[in-house]
Amino acid sequence: MTQSIDPTSKPFLSLVVPIYNEQENIPTLLQRVGAALQQIGQPFEVVIVDDGSTDTGPQMLAEGMRQYPWLRVLRMAKNGGQSAAFDAARGQVIATIDGDLQNDPEEIPRLLPMLDNYDMITGWRKDRHDTKFRRLQTRIANRVRNWLSQETIQDSASSLKLYKRHCLAGIQLYNGMHRFMPTLVKMRGFTVLETPVKHSARFAGTAKYGFRNRALRAFIDLLAVRWMKSRWLRYDATEIPREN
């Protein structure tokens, strides 16, 4: 069953999915996210962020837009990824997953009720289906990240996240900042729940990012977050009433 929506109406949930050269995954991705989000019983949209793909993905997405009224596509002029798409999302709830289907979109309906008690839900890939090297890399990165940022999040880099819209209102986003969203959200006084989620082996294709093209940039981003956290201005002010 395909959702019938007015493209001009505001959806309840926006799912943001960055992709880069994922032509092997796009048909299955669209089928699965559509079927999963039908379960929430609310209007939704899926915002695919094409980070400059050079494969047949853009043509496949154009075809998908004709088939699925809930699909929107952002074509980035230059690489900006997930962080650049939050402003385009229109939902009261904003969810994110990766386009390689290692995040199960079927988890979103299960996680959604948890937002009744929290402002943000972040997934923990506790049983991770990746190579030993990638698991080791992530374990080390999480320990360093928590040490420098004074955090306790087990898996900050997990792409499966859900936010109430007010968590992101007015937040200044930079390329790569999605890795540190639990910290940034908590810095603004909102509540965050980390919970185990399913994690699958890559459905098709190969990973486009690895240790060499991500580690140094992520470490620099971490130092920026550490600086912001140490300099974050917290205050409680009371206006003095005028004397009669």
Side-chain angles (χ1 to χ4, degrees), residues 13-22 25-26 28-30 32-33 36-37 44-51 53 57 74 76 79-86 88-89 91 93-112 114-115 120-131 134-135 137-139 141-142 145 151 153-163 167-168 171 173-185 192-211 213-215 217-218 221-222 225:
L13 182 141
S14 297
L15 175 61
V16 175
V17 188
I19 65 165
Y20 176 68
N21 288 346
E22 294 285 1
N25 291 313
I26 288 174
T28 302
L29 173 68
L30 295 179
R32 286 182 59 182
V33 297
L37 297 187
F44 65 87
E45 66 178 4
V46 177
V47 183
I48 301 287
V49 186
D50 181 3
D51 244 356
S53 296
L74 301 183
M76 303 298 292
N79 190 279
Q82 196 178 94
S83 298
F86 287 124
V93 173
I94 299 173
T96 59
I97 62 171
D98 276 339
D100 57 12
L101 289 172
Q102 288 197 266
N103 304 129
D104 288 5
E106 294 81 5
E107 287 279 71
I108 295 173
R110 182 181 70 84
L111 298 177
L112 190 58
M114 298 181 187
L115 283 177
M120 174 185 175
I121 307 298
T122 183
W124 173 18
R125 298 166 293 181
K126 190 174 182 180
D127 183 17
R128 187 170 175 178
H129 292 266
D130 270 326
T131 64
R134 288 184 72 88
R135 293 199 303 270
Q137 174 189 339
T138 299
R139 189 157 55 246
N142 281 325
R145 184 182 296 117
E151 262 293 358
I153 296 294
Q154 299 281 348
D155 190 11
S156 180
S158 170
S159 293
L160 179 50
K161 296 180 171 72
L162 280 74
Y163 310 83
C167 290
L168 304 174
I171 193 170
L173 295 172
Y174 301 91
N175 189 11
M177 285 294 103
H178 63 276
R179 301 186 188 94
F180 307 98
M181 288 305 292
T183 298
L184 297 176
V185 167
V192 176
L193 172 68
E194 183 176 36
T195 186
V197 294
K198 295 179 183 177
H199 187 254
S200 303
R202 169 177 268 274
F203 180 76
T206 58
K208 311 304 186 298
Y209 304 100
F211 180 78
N213 60 4
R214 189 171 59 176
R217 186 170 64 181
D221 292 343
L222 172 60
V225 171

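The model shown is predicted, which means the values in this text are computed figures rather than measured ones.
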Student: Run the side-chain contact (heavy atoms from CB on, under 4.5 Å) test on T122 and V185 for me, step by step, so that the C-alpha distance in whole Å, both residues' side-chain angles and the decisive distance to 0.1 Å come before the verdict.
Tutor: CA-CA 11 Å; T122 183; V185 167; over 6 Å; no

Student: Using the side-chain contact (heavy atoms from CB on, under 4.5 Å) rule, take V197 and N103 through it: C-alpha gap first, then chi angles, then the decisive distance, then the call.
Tutor: CA-CA 8 Å; V197 294; N103 304 129; 5.8 Å; no

Student: Looking at every non-hydrogen atom in both residues, tell me the closest pair between D51 and Y20 and how far apart they are.
Tutor: O-CD1, 3.3 Å

Student: Should L101 and R32 count as side-chain neighbours, where that means a heavy-atom distance under 4.5 Å?
Tutor: yes

Student: Please report the closest heavy-atom contact between L74 and A88, naming both atoms and the distance.
Tutor: CD1-CB, 3.5 Å

Student: Let me confirm one number: the CG-CZ distance from L162 to R110, rounded to the nearest 0.5 Å.
Tutor: 10.5 Å

Student: Just by distance, no angles: are the side chains of E45 and S14 close enough, under 3.5 Å, to form a donor-acceptor pair?
Tutor: yes

Student: Do N25 and I19 touch side chain to side chain, with heavy atoms closer than 4.5 Å?
Tutor: no

Student: Does M181 reach the side chain of L168, with side-chain heavy atoms less than 4.5 Å apart?
Tutor: yes

Student: About how many Å separate CG of L15 and CD1 of I97, when rounded to the nearest 0.5 Å?
Tutor: 5.0 Å

Student: For I48 and I26, run side-chain contact (heavy atoms from CB on, under 4.5 Å): C-alpha distance rounded to whole Å, both residues' side-chain angles, the deciding distance at 0.1 Å, then the answer.
Tutor: CA-CA 10 Å; I48 301 287; I26 288 174; over 6 Å; no

Student: Supply the atom-to-atom distance I108 CD1 to K161 NZ, rounded to the nearest 0.5 angstrom.
Tutor: 12.5 Å

Student: Got S159 and Q102 here, is their nearest side-chain heavy-atom distance under 4.5 Å?
Tutor: no

Student: Tell me if a side-chain donor or acceptor on S158 pairs with a main-chain N or O of R125 at a distance below 3.5 Å.
Tutor: no

Student: Compare all side-chain heavy atoms of L29 with those of V46 and state whether any distance is below 4.5 angstrom.
Tutor: no

Student: Does L160 form a side-chain contact (heavy atoms from CB on, under 4.5 Å) with K198? I'd like the steps, not just the answer.
Tutor: CA-CA 10 Å; L160 179 50; K198 295 179 183 177; over 6 Å; no

Student: Does any non-hydrogen side-chain atom of M120 lie less than 4.5 Å from one of P182?
Tutor: yes

Student: At their closest point, which heavy atom of V16 faces which heavy atom of P18, and how far apart are they?
Tutor: O-CD, 4.0 Å

